[in-house]
2 protein chains.
Amino acid sequence: MEDRKLTVRAVERALDILMCFTQNSELGLTEIAGMIGLHKSTVHRLMTTLEEKAFVVRDAATEKYRLGIKVWELSTHLSQSDDPAVLLLPAMERLRDRLGETVSLYLRDGKDRLRIQAVQSNQAIRRVAQVGARLPLTVGASSKVLVAFAAPADQEELLSDPDWAELVKGGSYVRQLQDIRERGYATSIEEREPGAAAVAVPIVNRNGNVAAALSVSGPVSRLSSETLNEFAPVLIEAAREMGLMIP
Amino acid sequence: MEDRKLTVRAVERALDILMCFTQNSELGLTEIAGMIGLHKSTVHRLMTTLEEKAFVVRDAATEKYRLGIKVWELSTHLSQSDDPAVLLLPAMERLRDRLGETVSLYLRDGKDRLRIQAVQSNQAIRRVAQVGARLPLTVGASSKVLVAFAAPADQEELLSDPDWAELVKGGSYVRQLQDIRERGYATSIEEREPGAAAVAVPIVNRNGNVAAALSVSGPVSRLSSETLNEFAPVLIEAAREMGLMIP
DNA sequence: CTCAAATGTTTCACCACATGAAACATGGTT
DNA sequence: AACCATGTTTCATGTGGTGAAACATTTGAG
């Protein structure tokens, strides 16, 4: 009890439970209790509450819990007016048509990144990217961009984490970030996903903050190191235009 | 304290707060406190918790709260495989093309209904229906269908509510429901929305339960009582096919 | 068919923790 | 400056959330 809590524990736990459903769309009581390390009966009471408010429902067949209609209703009321995923979609489609590869848009969320939008390549062999996916911030071109261009305070916090050093291989990491800032883009070849390569750039909004990372990715067979570097200027220009569109 | 609460009050309150954002996408602290009748400081603590978990964010400019990225992330993990709004969209588009008017899909949620899907008429003068809208269950063709074909227990609960009698005009209401069940469809002319008329039918799923209500609506200038009755058989046939598609 | 193991549900005594009043801080308006 | 509205922090109080344990129910194994 060193520093005061100005938060409500029961609510924190309930929200943690909800987030469990991003890993598995159907969960049982004991399963949830195991995931967040609480007693069955505590979870049961929280689930009853969530169910009563229709944030979760019980599947009639399996007796397990799923996300409920209120989550869906809330999501329709997300203010879309300034949502990059909506505003930038047309520009991303143009970029996809020009380069012929899958285009993705990422936000940093804590120590992860989230793919908030994606338009798929229409070639036969293509990378298929899932919107809403939570990915590690330690590997991949987009990750390096998001870290390299993060606000100094945020970056400091990430790099000072004791776990971080282990996750990013080699002491050259800080040097890499410096290079990325100088060049303005990052590349990755089979870093997170075997067989896949990508190039990513930051999207800087009107206020000069890095609002997101934009990436083009595909099979290594088509995306050689050389090709990635050729794509970079196209991405940089596209990102510049996109940056003007978002607040 | 007559009957035991097996729910968690703090969580209930937090969820109620979240649902406030369906009425207004940007809310201040005092505003929220007023809406759910709690003390400022209580709401403040709950908001801090919601903010820490990124279920809400504070708008940099206005200092007010908005829904956060976790709500968005959760929504992408809603199991879409058996979501009527997704499964029935193509069929709804075909119906729109055939009749030329706006087609909507509704679910009952407690004592309201939710528009979970809509495809707009492409005529110059048209009804524009917003997906995610929460509407009263007391008026409108879809409402009458949802009530008339609700499970007996649910219907009983609705009709026995003392408030209900006042909201539905006239004692002919129960009789109306009986008519609707016999005919298999309901109509409404300027009942909820001035200048608008609609015809609605139930969608019965494979298990024989009423899964949703399907409606066609437009301006009264085009949808006379006669036209609505002509549309009804088309709707009934479309709803029958749709019912086979959902669990 | 019986017993055991796993999952979900309810009960209960304890005291941590959520609560709301009040004081404090801040910024905008007259 | 004085005021009002909004957000933030402090604090005493006792309610209400907690987890152990008992109970209920289903599933599977032997």
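We name chains A, B, ... by the order of the sequence lines, and we start the count at 1 in each one. Please read these numbers as outputs of a predicted model, since none were measured by experiment.
- Computed from coordinates, the B:L46 CG to D:dG17 P distance equals 12 Å when rounded to whole Å.
- Across the protein-nucleic acid pair, B:H39 atom NE2 and C:dA23 atom C1' stand 11 Å apart, rounded to whole Å.
- For B:S41 against C:dA22, no side-chain N or O and base N or O form a donor-acceptor pair under 3.5 Å.
- The CG atom of A:L6 sits 16 Å away from the C1' atom of C:dG20 (whole-angstrom rounding).
- The distance between atom NE2 of A:H44 and atom C1' of C:dT11, rounded to the nearest whole Å, is 13 Å.
- The nearest whole Å value for the distance from the CZ atom in B:R45 to the C1' atom in D:dT9 is 11 Å.
- Side-chain atoms of A:S104 and A:Q117 include no donor-acceptor pair closer than 3.5 Å.
- In this structure a side-chain-to-backbone donor-acceptor pair under 3.5 Å is missing from A:R113 to A:L137.
- A donor-acceptor pair under 3.5 Å is formed between the side chain of B:Q155 and the backbone N or O of B:A148.
- At the heavy-atom level, A:T30 lies under 4.0 Å from the strands shown only through sugar-phosphate atoms.
- Counting only distance, with no hydrogens or angles, the side chain of B:S142 and the backbone of B:L105 share no donor-acceptor pair below 3.5 Å.
- Counting any heavy atom pair closer than 4.0 Å across all strands shown, B:T42 reaches a base atom.
- Dashed line: the shortest gap from a side-chain N or O of A:R13 to OP1 or OP2 of D:dT18 is under 4.0 Å.
- The nearest whole Å value for the distance from the CG atom in A:L29 to the P atom in D:dA24 is 18 Å.
- One interatomic measurement links the two molecules: CZ of B:R9 to P of C:dG20, which rounds to 6 Å at whole-angstrom precision.
- What separates CD of B:E63 from C1' of C:dA25 is a distance of 14 Å, to the nearest Å.
- For A:K40, counting side-chain heavy atoms from C-beta on, the closest listed nucleotide (D:dA22, D:dT8, C:dG20) is D:dA22.
- Contact annotation: the side chain of B:R58 never approaches that of B:M47 to less than 4.5 Å [non-hydrogen atoms, C-beta and beyond].
- Ranked by how close their nearest DNA chain C nucleotide is to the 5' end, B:L38 and A:G28 are led by A:G28.
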